[in-house]
Visitor: 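Here it is, the structure in full.
Owing to the predicted nature of the structure, the values given are computational and were not obtained by experimental measurement. Naming convention: chains lettered A, B, ... in sequence-line order (proteins, then strands); numbering from 1 in each chain.
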There are 2 protein chains.
Amino acid sequence: MILNNRKVSEKTIRRLSHYARCLRHTRIKGKEIVTSEYLAKRCGISSAGVRKDLAVFGEFGKQGSGYDVLGLLANIEKILGTGKPLHVIVIGAGNIGYALLKSGLEGTGGYHYTAIFDSDPEKQGKICAGIAIQPMAELRETIRELGEVIAVIAVPDGEGQECVNQLVEAGCNAILSFVLEPLDIPEGVKLRYMEISTELDILTHSMMRTGRIGR
Amino acid sequence: MILNNRKVSEKTIRRLSHYARCLRHTRIKGKEIVTSEYLAKRCGISSAGVRKDLAVFGEFGKQGSGYDVLGLLANIEKILGTGKPLHVIVIGAGNIGYALLKSGLEGTGGYHYTAIFDSDPEKQGKICAGIAIQPMAELRETIRELGEVIAVIAVPDGEGQECVNQLVEAGCNAILSFVLEPLDIPEGVKLRYMEISTELDILTHSMMRTGRIGR
DNA sequence: GCGTGTGAACCTCTTCACAGCG
DNA sequence: CGCTGTGAAGAGGTTCACACGC
């Protein structure tokens, strides 16, 4: 097994995440072996693509039959670094932050919402989905206790950069942002965005091109 | 001006959406001219990339100075089909659906949450962010009234496919899904996913590769 | 001089087709 | 025989470098 540390494209990693989700679902159905064609169909790509993605990291399949569901899932989780518990903290106890915590992260393979923070003293101490809302001042201490965390930020527009600064300062180096402002981060910190409006734009453009709307 | 109907990659469309967001922000600051370098820095790509993206659709810039903020924004919105009002309806008045409606779509360039639906009779009739929760039975009628819509689905796991079926049946052909199940759609219907768990996986992998966590 | 628009080089990713193994 | 793993071909996207126009 290789499980190498080579540079792999984000596209490949994204697809591995999809394979993992698909395999978890397949596992529940009791199926023990899948083919590259099976994963391909369910993830919307070609079977050669699936095999290429997996071949980067090792030879996980059995020729003539396919891939062992449990074994392949374990390997993909090893590649991604998922599968073991990992704490996710939420910054901003507004509508989105609240909804995320209440929705939970069941079936995602190890992630759990562990803490929520808000700069508004009014909200601090209140309970959300069984977790007390903490003041930002406790960020550093909490992250120190939890160890590695991913922070999801869902603060009002305009407060994103300050929030990121505090997170970085507190030792967090992985952030998922629902805030759309372009955020500055130091070297080494990982940042990604959830952009509903961009997805809507892509859908709109697609509708227009196929002539569904006259624009 | 070309504004052609050629096939353009999703990557390009996604970047145009970012340019548009950036330009709206720039407009507020009162800046009237921007260079490709300016947009590039703020969107995290190369200036040549920005120029290539725009050149696909026409010659929007002035050599020696740059791009007119208002003019370029208008052109990009024309390309994307955005800028004019477009109704967004939400299916599922759970945590996420509720939060989306309350958060609104300010500053996104024309989108508005107009209606929300839920199959639970308990929730129907209740008011969320000023909008009454409607039963699924009214889907077709509402879509007929609104004209073109994009539907955002935020229903519980396992109910996604049934929800999509009803939407398609009711005449909706653009869907943004917070549900992670692989959803079947007929030819011509556009479907995209918001996948928090995939973004977390990408962050986790990235952390692992850079040696931040030992996994 | 400055910044756009663009052909050409470069690089990456995807698809194809098949050898090889169970 | 069926399906994986993979070199080779092809497609697509990005970067480079510079001519051109303001």
Visitor: Measure CG/A:L72 against C1'/D:dT4 and give the value in whole Å, please.
Guide: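 The distance from CG of A:L72 to C1' of D:dT4 comes to 12 Å, rounded to the nearest Å.
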Visitor: Which residues in residues 32-42 of chain A have at least one heavy atom lying under 4.0 Å from any atom of DNA chain D?
Guide: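 Correct list: A:T35, A:S36.
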Visitor: Quick one: what's the B/S/- string for nucleotides 10-18 of chain D, heavy-atom cutoff under 4.0 Å, read 5' to 3'?
Guide: ---SSB-B-
Visitor: Which residues pass the side chain to side chain donor-acceptor pair (under 3.5 Å) test with B:S119, not counting sequence neighbours?
Guide: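 For B:S119, no residue satisfies side chain to side chain donor-acceptor pair (under 3.5 Å) once neighbours in sequence are set aside.
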Visitor: Between P on C:dG3 and CD on B:E59, what's the gap in Å once rounded to a whole number?
Guide: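 Taking atom P of C:dG3 as the reference, CD of B:E59 is at 18 Å.
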Visitor: Can you tell me the distance, in whole Å, between the CG atom of B:L54 and the P atom of C:dT6?
Guide: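 Those two atoms, CG and P, are 11 Å apart.
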Visitor: Applying salt bridge (Lys or Arg N to Asp or Glu O under 4.0 Å), can you list everything that pairs with B:K102, at least two apart in sequence or on another chain?
Guide: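 Counting only residues at least two positions away or on another chain, B:K102 forms no salt bridge (Lys or Arg N to Asp or Glu O under 4.0 Å).
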Visitor: Give a yes or no on whether the backbone of A:I79 and the side-chain of B:H205 come within a donor-acceptor separation of less than 3.5 Å.
Guide: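 Yes.
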Visitor: Take the protein atom CG of B:N75 and the nucleotide atom C1' of C:dT4, then report the distance between them rounded to whole Å.
Guide: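 Result: 15 Å.
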Visitor: Show every salt bridge (charged side-chain N to carboxylate O under 4.0 Å, His left out) that has at least one partner inside residues 25-35 of chain A, sequence neighbours left out.
Guide: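 For residues 25-35 of chain A: none.
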Visitor: Taking 4.0 Å as the cut-off, does a side-chain nitrogen or oxygen of B:Y67 come that near to OP1 or OP2 on C:dC2?
Guide: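 For C:dC2, OP1/OP2 do not have a side-chain N/O of B:Y67 under 4.0 Å.
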Visitor: Using the test side chain to side chain donor-acceptor pair (under 3.5 Å), find all partners of A:D53 that sit at least two apart in sequence or belong to another chain.
Guide: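 Scan of A:D53 (side chain to side chain donor-acceptor pair (under 3.5 Å), adjacent residues dropped) gives A:R15, A:Y19.
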Visitor: For B:R14, check side chain to side chain donor-acceptor pair (under 3.5 Å) against everything at least two apart and list the hits.
Guide: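 Testing B:R14 for side chain to side chain donor-acceptor pair (under 3.5 Å), a comparison that skips the adjacent residues, returns A:E199, B:E10.
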Visitor: Name all residues meeting the salt bridge (Lys or Arg N to Asp or Glu O under 4.0 Å) criterion together with A:E106; count only those two or more places apart in sequence or in a different chain, and write none if there are none.
Guide: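 Not a single residue meets the salt bridge (Lys or Arg N to Asp or Glu O under 4.0 Å) criterion with A:E106.
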Visitor: Using salt bridge (Lys or Arg N to Asp or Glu O under 4.0 Å) as the criterion, list what pairs up with A:D201, not counting sequence neighbours.
Guide: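 A:D201 satisfies salt bridge (Lys or Arg N to Asp or Glu O under 4.0 Å) with no residue once adjacent residues are dropped.
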Visitor: I'd like to check the salt bridge (Lys or Arg N to Asp or Glu O under 4.0 Å) partners of B:E181; sequence neighbours left out, ordered by chain and number.
Guide: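 Partners of B:E181 by the salt bridge (Lys or Arg N to Asp or Glu O under 4.0 Å) criterion come out as none, since no residue qualifies.
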Visitor: N/O contacts under 3.5 Å, protein versus nucleotides 19-22 of chain C?
Guide:
from	atom 1	to	atom 2	distance (Å)
C:dC21	O4'	A:Q63	OE1	2.5
C:dC21	O2	A:Q63	OE1	3.3
C:dG22	O4'	A:Q63	O	3.4

Visitor: What salt bridge (charged side-chain N to carboxylate O under 4.0 Å, His left out) pairs are there with at least one residue in residues 163-176 of chain B, not counting sequence neighbours?
Guide: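 Residue pairs passing salt bridge (charged side-chain N to carboxylate O under 4.0 Å, His left out), neighbours aside: B:R140-B:E169.
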Visitor: Is a side-chain donor or acceptor of A:T210 paired with a backbone partner of A:S206 at a separation under 3.5 angstrom?
Guide: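 Yes; judged by distance alone, with no hydrogens or angles, the pair exists.
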